[in-house]
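Everything numeric here is computed off the predicted structure, so don't read it as measured data. Start at 1 with the first residue, then count along the sequence. Atoms within a ligand are numbered from 1 in the order they appear, just like the ligands themselves.
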Amino acid sequence: MNHLCRIPVISLFLHAAFLPAILPAADKPNVIVIMADDLGYGDVSCYGATAFETPHIDRLAAEGQRFTSGYCSASTCTPTRYSFLTGTYAFRGERTGIAPPSSPAIIKPGTVTLPSLLKKAGYKTAVIGKWHLGLGGEEGPDWNGALKPGPLEIGFDHCFLLPTTNDRVPQVYVEDHRVLNLDPADPLWVGKKQPTPEHPTGITHRHTLKMDWSHGHNATIHNGISRIGFYTGGHAARFRDEDLADKWVEQSVQWIEAHKKEPFFLFFASHDIHVPRMPHERFQGNTPLGFRADAIVELDWCVGELMKTLDRLDLSENTLIVFCSDNGPVLDDGYQDGAVEKIGDHRAAGPFSGGKYSIHEGGTRTPFITRWSGRIEPGVSDEVVCTIDLAASLASFTGVDLPEGACLDSFDVMGALLGEKGAKGRAHLIEQDNGRGGNYGFRVGKWKLQRHDSKKARNVVVEKQLENTPAPRYQLFDLSTDPAEKDNVIAQHPDIAERLQKHLAKLIDTGRSR
Ligand code: NG6
Ligand code: CA
């Protein structure tokens, strides 16, 4: 009986799998989202950097649309990645702030996500690179067993991951449900407390470090770098920081080659240029700015390798590339890597204030480029688009229905992403800092409202370590004349401020904006 019951389900499934084939191939381009980590608006040459060059990212921009108002939805990693995949603002979800090393999976199985939508459209889907959205059930990751739920339970067919972020333990790859190359005789243990009094840390063995820490990051040492959190074991599985970028490229090229004949979606989640910035030896010293900019050059190389692969496989005209970042820039994020001392005239956030952790434009307005050879006309767009919009945009473009209760803040801005004449971006965007209960930026046209629920602003420009400074609950800025948000005009425009305050409160309180 059981067996017979399955037949209609299977036939439905097959039916669904074949449906998208009705769409012409041009409507099902491959999609590669390249998400940089902590890359600021001014950190690449096509957005104004002059102290070093990023020829491959520049080529992407020259052949596609370069957005001047392209955003991620939060100024830290986990909430941006959460909302990019779910199409829902992270402040609506639980535990969506920066994830600790042993975080359980933050996006629950069954959630409609960008990859699950594309899978419905007949795509093969993969994430390669940094995850930082937790793995495992309530008890957290079972590092020596099956690491699930994780990406494979929310719509990815394949994953090859750095499980958290590389300043957090452990330094191992996760392939699908397992830690790669883990020797059962040397189990991996990850915890919050020092496992034994003798366990070497960044405090007790500071003199042995190849890169010193500046704040936090003083627990377990691996590869001469101390991290957030403790671990032991899993030695055969551990990687060298210097090899991460090469690994992401190697794995991506293999996966693209294996899926070149079907529509595919690849989320290329670079770890560059997050701390610890430890680019491969061949990139070290490439720029006068130290490892931070050397890591940008490494990121640029990755972009070049992906483009080269598409050209070689004759896929460039059938592949939409989206290049973006997960939050704005920071110089000292916990290690003494020379980023502060060597910055010179380089403006990591371009003309904007703030950066990572802040709701100023520098926190979320980042490089944002779309390229699809032969389909997107090269140009510059001032339309407002955000990583959170890719879910609704790509679902609509590939002919998949977006369920009413899913992707609650994702708008179909596909026309704008493709640079179509007259196509509009978002009418409004909420920019948040980290997880739930933080601060909000609210952009509507030229106006930017800041709402500081914490009554503190992390608005110190990235040259210095971020500091909390007292801030009034509301401030209003005219971005058309004051992109750096220096001149609070709330007293001059009380009516506009009130309208925006109410609008923002409504979007937060009603639980959805779509
Ligand atoms: C902060 C860390 C910072 C970085 C960040 C997450 C300290 C003092 N600071 O808590 O180094 O890890 O979290 O960055 O520990 S993100 O880009 O992944 O959001
Ligand atoms: Ca980040």
Practice task
Would you mind checking which non-hydrogen protein atom is closest to atom 11 (O) of ligand 1, with the distance to 0.1 Å?
Solution key: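 So the nearest neighbour among protein heavy atoms is D333 O, 2.8 Å.
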
Handout entry: OD2 (D326) to the Ca ion (ligand 2) to OD1 (D38) angle, given to the nearest 10 degrees
Key =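 That angle works out to 150° after rounding to 10°.
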
Does any N/O atom on [X] come nearer than 3.5 Å to any N/O atom on ligand 1?
X: T76; value: no
X: H215; value: no
X: D167; value: yes

Practice task
Please find out if the Ca ion (ligand 2) and some N, O or S atom of S325 are separated by less than 3.0 Å.
Solution key: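 No, since none of the N, O or S atoms of S325 sits under 3.0 Å from the Ca ion (ligand 2).
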
Exercise for the section: Verify the distance criterion only: is there a donor paired with an acceptor across the side chains of H271 and E298 at less than 3.5 Å? Expected result: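 On atom types as modelled, these side chains do not qualify, holding no pair under 3.5 Å.
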
Problem - Sidechain-backbone polar pair: R512 side chain, R514 backbone, donor-acceptor under 3.5 Å - result: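 Present.
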
Problem - Test item, C77 contacting ligand 1 (heavy atom, 4.0 angstrom) - result: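 Per 4.0 Å heavy-atom rule, C77 contacts ligand 1.
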
Problem - Any Y357 heavy atom less than 4.0 Å to ligand 1 - result: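 Y357: in contact with ligand 1 (<4.0 Å).
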
Handout entry: Test of ring centre spacing under 6.0 Å for F91 and Y89
Key =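 Yes, ring centres under 6.0 Å apart.
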
Practice task
Closest by any non-hydrogen atom to atom 9 (N) of ligand 1: pick that one out of K130, R227, H217.
Solution key: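 Selected option, by shortest heavy-atom distance: H217.
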
